Amino acid sequence: MQKLSKKTLFAYGCGDFASNLCWTFLGSYLSIFYTDVVGMAPAVASAIMLIAKIWDGVNDPMFGAIAERTNTKKGRFRPYIFYGSPILALFSVLTFTTFGNGSSAVLWASFTYIGCGMLYTVVNLSYGSLSMVMTTDPEDIAQLNSFRMMGTNLSSVLLNAISAPLLLKFSGAAGGYTAGAYTKVALIYAVCAVPLFYFVYASCKETIIPPVSETKVTVSTSIKSVLSNKPLMVIFAIQLCAMTAFFGRMGVVIYYLMYNVQRYDLISVFMMLPSLMTVIGIFFTKNYIMKVGKKKMLYIGYTGAGISLILIYVAGMTMGYSNIPVLIVLHALYGFFCFSFPIPMAMVPEAVNYQEDKMGVRSDGTSMATISLSTKFGSAIGVSGGLLIMGATGYVANAQQTPSALSGINMTANLIFGILFLICVIIVKCYPLDEEKNKEIRARLDQKAGR
């Protein structure tokens with residue numbers, strides 16, 4: 001099969017850049033928008049996020065099954081990117097608007113957040129599934145997911161660099177960030193995201209077309225085959241744990257920076273530095289994934305990320321939060337070791353091939369939905385769990401925090417999520433496939449397809 005061009009790889013990377021213009025801002029600032037602007041108690045904000053992810057448990061696999069059974073001239077997944085991205089952009093703005101007070105504000109927040117999550121599923125799951133239908137070349141698949149994660153983290157660098165200054169600018173002389181400022185910043189990102197989604201739609205073609213018989217497999221058969229797919233279930237567990245740590249920290253680190261470090265002038269630096277270092281880490285390691293092996297690279301990445309966060313926690317407890325050089329170095333190390341993040345996504349096609357080889361069923365959409373679900377569950381558990389822990393240790397919005405509350409914020413943002421990264425190492429050991437087995441499976445499938 002012909003190798004993918006650099007333009008195609010670049011275009012694919014733009015997809016997650018666009019997704020995160022909507023999603024990273026939401027992941028980084030929505031919790032503090034709910035507690036410090038809308039005025040919700042941490043437990044209420046936590047409940048909204050958990051309820052939304054429980055619904056995702058139904059919505060994601062359902063949409064995955066629908067997408068993989070779609071049959072149009074444009075493909076199975078690309079039409080959802082074309083039609084879904086403008087609506088996702090709209091809801092990403094509505095999520096940062098306020099409506100009413102008390103229960104009405106909570107209902108509006110629930111509606112917009114759940115709606116945004118559903119639309120993110122439609123667009124991002126379809127985008128993620130493209131990597132499994134654009135090529136069968138293992139190196140190209142790894143490159144696609146590396147470019148994807150570089151797009152993810154470059155967008156995070158940009159958003160984390162400019163979000164805080166933009167919020168301050170649009171808030172004017174007001175103390176803290178205003179509701180209108182959040183809405184304006186979300187609108188800017190939404191307007192920029194849509195053209196990038198259309199660039200992906202135009203540049204990334206579906207070339208792997210399943211036999212008609214496979215698209216007629218019942219939904220129940222697809223779900224059963226996915227649940228019995230051991231490699232996929234291990235990837236689900238890896239992503240659930242890793243994304244709980246990653247998105248959980250992303251959602252609460254703003255509290256750590258505002259209340260513990262107390263350097264508003266450096267918030268954008270601390271927010272963007274890990275993402276920038278992740279891009280550097282992916283760039284320098286992406287060509288070693290196939291040479292060294294995915295499992296070994298995951299061991300290195302998760303161990304480094306976990307130890308870095310634990311050292312940030314220890315530094316705060318022993319040296320205090322004013323030792324900025326040490327904190328900057330440790331945040332940079334944490335970001336670099338997050339180079340491992342594209343690797344589980346590159347393992348999903350392996351699990352799909354395993355499923356097709358063993359069971360005769362290929363469920364691209366449902367499999368990607370399963371991994372997407374682990375990411376969403378992880379983000380909800382991480383952020384909502386973090387908010388509950390901070391609330392239990394004494395956090396009060398817009399107030400001088402007690403020593404207990406500050407310790408709770410530090411523990412939540414660093415120690416707990418650092419330990420979760422180390423747990424990922426244990427889960428990776430359970431993954432049953434390696435490069436040699438994957439080659440054997442791919443050869444059997446190609447022979448069966450007459451390639």
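Just so it is clear, the model here is predicted, and its values are computed rather than measured. Along the sequence shown, residues are numbered consecutively beginning with 1. Just so it is clear, the values below take in all heavy atoms, side chains as well, and ignore hydrogens, waters and symmetry mates.
With L276 as reference, V157 is the one residue of L158, V157, V269, N153 to meet the side-chain contact (heavy atoms from CB on, under 4.5 Å) rule. The only option from F91, Y120, Y29 that meets the ring pair (Phe, Tyr, Trp, His ring centres under 6.0 Å) definition with W23 turns out to be Y120.
The main-chain N or O of A405 is found under 3.5 Å from a side-chain atom of T402 such that the two form a donor-acceptor pair. Between the side chain of N438 and the backbone N or O of D434, at least one donor-acceptor pair lies under 3.5 Å. The closest donor-acceptor contact from the side chain of T8 to the backbone of L4 lies at 3.5 Å or more, if one exists at all. Without hydrogens or angle criteria, S171 side chain to T178 main chain gives a donor-acceptor distance under 3.5 Å. Side chain of T121 to backbone of G117: a donor-acceptor contact under 3.5 angstrom is found.
Annotation: F197 is not in aromatic contact with Y127 [ring centroid separation under 6.0 Å not met]. Checked against a 6.0 Å centroid threshold, the rings of F25 and F96 count as neighbours. For an aromatic pair to be called close, the ring centres must be under 6.0 Å apart, and Y395 with Y259 satisfies this.
N229 and Q355 make their closest contact through ND2-CB, 3.3 Å (heavy atoms, listed as atom of the first residue, atom of the second, distance).
Note that K286 lies in the cation-pi zone of F283, set by a 6.0 Å cut-off to the ring centre and a 45° limit from the axis. Judged by the 6.0 Å distance and 45° axis criteria, R249 is positioned over the aromatic ring of Y334. For the pair K296 and Y288, the cation-pi criterion (under 6.0 Å, within 45° of the ring axis) is not fulfilled. Cation-pi contact between K7 and F10: absent, since separation from the ring centre below 6.0 Å together with deviation from the ring axis within 45° is not met.
Applying the salt bridge (Lys or Arg N to Asp or Glu O under 4.0 Å) rule to R148 yields the partners D16; only residues at least two apart in sequence or on another chain are considered.
You'll find the side chain of L298 reaches within 4.5 Å of the side chain of P344, heavy atoms only. Taking the side chain as every heavy atom from C-beta outward, Y182 and V37 approach each other to under 4.5 Å.
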